[in-house]
Amino acid sequence: DAPSRDVGTFHLPPGVWGIAIDDSKIQRKLLRRFFIHAGIQENRQVILGHNRDEISGFVEFIIDFVKRHPDDLIFLIADENLEMEGSAISDHETI
């Protein structure tokens with residue numbers, strides 16, 4: 001039997017971490033709902049992008065997180081156009 005492709009029944013494996021970054025408050029709320037819908041428990045969600053420190057420190061956060069959770073599965077979503085106080089932090093490269 002082929003795996004189900006029905007988006008209504010899709011869930012990530014148990015124990016997956018959901019990590020996301022977006023500079024939009026609305027998108028951060030939607031990401032939380034998406035993670036819940038995909039089966040990621042709220043206590044295994046990290047959604048960043050609220051302020052300049054979260055955006056500029058994201059790469060270091062991810063590196064440290066992976067080092068602290070080397071055997072865990074991580075589902076990562078990143079907005080590629082993060083802005084801080086009117087200027088794009090990524091300017092043509094994805095963080």
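Since the structure is predicted, the reported quantities are computational estimates derived from the model, not experimental observations. The analysis underlying the following values was restricted to heavy atoms, covering all of them including side chains, and did not include hydrogens, waters or symmetry mates.
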*Rounded to the nearest 0.5 Å, what's the gap from CD1 on Ile21 to CD1 on Ile55? Could you check?*
5.5 Å
*Take the angle between the ring planes of Phe61 and Phe65 and call it parallel below 30°, perpendicular above 60°, tilted in between.*
tilted
*asked:* Suppose the criterion is side-chain hydrogen bond (donor to acceptor under 3.5 Å, both in side chains): which pairs have a residue in residues 28-43, not counting sequence neighbours?
replied: Arg32-Gln45
*Are any of the side-chain heavy atoms of Ile26 and Leu30 separated by less than 4.5 Å?*
yes
*Atom CG in Leu31, atom CD1 in Ile19: separation rounded to 0.5 Å?*
12.5 Å
*State, with a plain yes or no, whether a side-chain heavy atom of Ser24 is found less than 4.5 Å away from one of Asp79.*
no
*Please examine the side chains of Phe35 and Leu12, heavy atoms only from C-beta on, and report whether any two atoms are closer than 4.5 Å.*
no
*For the side chain of Asp23 and the backbone of Glu83, is there at least one donor-acceptor N/O pair under 3.5 Å apart?*
yes
_Suppose the criterion is side-chain hydrogen bond (donor to acceptor under 3.5 Å, both in side chains): which pairs have a residue in residues 59-77, not counting sequence neighbours?_
Trp17-Asp72, Asp64-Arg68
*Linking I/L/V/M/F/W/Y whenever their side-chain heavy atoms sit closer than 4.5 Å, directly or via other members, would Ile36 and Val16 fall into one cluster?*
no
*Closest contact, heavy atoms only, Asp22 versus Leu82*: CA-CD2, 3.9 Å
